[in-house]
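Values below: all heavy atoms of this structure, side chains included; hydrogens, waters and symmetry mates excluded. We count residues from 1, following the sequence as given.
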Amino acid sequence: QVELLESGGGSVQAGGSLRLSCIASGYTYTRHSTLAWFRQAPEKEREGVAGIASDGSTTYADSVKGRFTISRDDNQNTLSLHMHRLNTDDTAIYYCAAGSLVADRLQKLEYDYWGQGTQVTVYS
């Protein structure tokens with residue numbers, strides 16, 4: 001069983017930065033999996049933010065390119081998301097996810113395991 005636990009959310013003024021972390025159990029699975037961050041704003045669909053394959057290749061949503069950076073440390077079983085130049089549109093609950101057979105890294109249906117989420121609020 002894989003468990004994912006996010007941390008690092010909070011409130012930040014527009015233009016600021018936050019770092020999210022996700023610790024994974026089920027080491028053998030996650031080491032070879034694609035990992036990703038998704039977010040869901042109130043009354044909106046959950047959307048892919050960034051994904052990273054086991055080889056380190058990354059994919060970003062257009063809305064966060066150049067502002068967010070996803071990274072993974074398989075020795076520490078952690079996934080991170082560095083977020084810069086945040087704006088109010090980034091306000092959402094952020095979820096980490098893991099999947100074993102992922103073709104589209106930003107497609108939520110391709111992921112098998114999810115964390116409980118961490119709230120990010122950006123105020124103007």
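From Ser7, atom OG reaches atom CD1 of Ile23 across 6.0 Å, with rounding to the nearest 0.5 Å. Atom CG of Leu35 is separated from atom SG of Cys22 by 7.5 Å, given to the nearest 0.5 angstrom. Remark: Arg39 CZ to Glu45 CD distance equals 14.0 Å, nearest 0.5 Å. Leu86 contributes atom CG, which lies 11.5 Å from atom OG of Ser11 (distance to the nearest 0.5 angstrom). Taking CG from Leu5 and CG from Leu79, the interatomic distance works out to 12.0 Å, rounded to the nearest 0.5 Å. Taken to the nearest 0.5 Å, the OG1 atom of Thr118 stands 10.5 Å off from the OH atom of Tyr94.
Between Leu106 and Glu47 the shortest side-chain heavy-atom distance does not fall below 4.5 Å. Between Val122 and Val120, the closest side-chain pair of non-hydrogen atoms falls below 4.5 Å. At least one side-chain heavy atom of Tyr113 sits less than 4.5 Å from a side-chain heavy atom of Gln1. Thr88 is listed as a side-chain neighbour of Ser124, based on a closest heavy-atom distance under 4.5 Å. By the 4.5 Å heavy-atom criterion applied to side chains, Tyr95 and Ile93 are counted as neighbours. Within the 4.5 Å cutoff, no side-chain heavy atoms of Tyr123 are placed close to those of Thr91. Using a 4.5 Å heavy-atom cutoff, the side chains of Asp112 and Ser100 are in contact.
For Ser33 against Gly99, the heavy-atom pair with the smallest separation is CB-O, 3.3 Å. The two residues Arg105 and Tyr111 have their closest heavy-atom pair at O-OH, 2.7 Å.
Taking the six-membered ring for Trp and the full ring otherwise, the centers of Trp114 and Phe38 sit less than 6.0 Å from each other.
The cluster map of Ile, Leu, Val, Met, Phe, Trp and Tyr, joined by side-chain heavy atoms under 4.5 Å apart, puts Leu4 and Ile52 in different clusters. Under the 4.5 Å side-chain heavy-atom criterion for grouping Ile, Leu, Val, Met, Phe, Trp and Tyr, Leu18 is connected to Trp37 within one hydrophobic cluster.
Side-chain contact check for Ser17 and His84: at least one donor-acceptor pair (N or O, by modelled atom type) lies under 3.5 Å.
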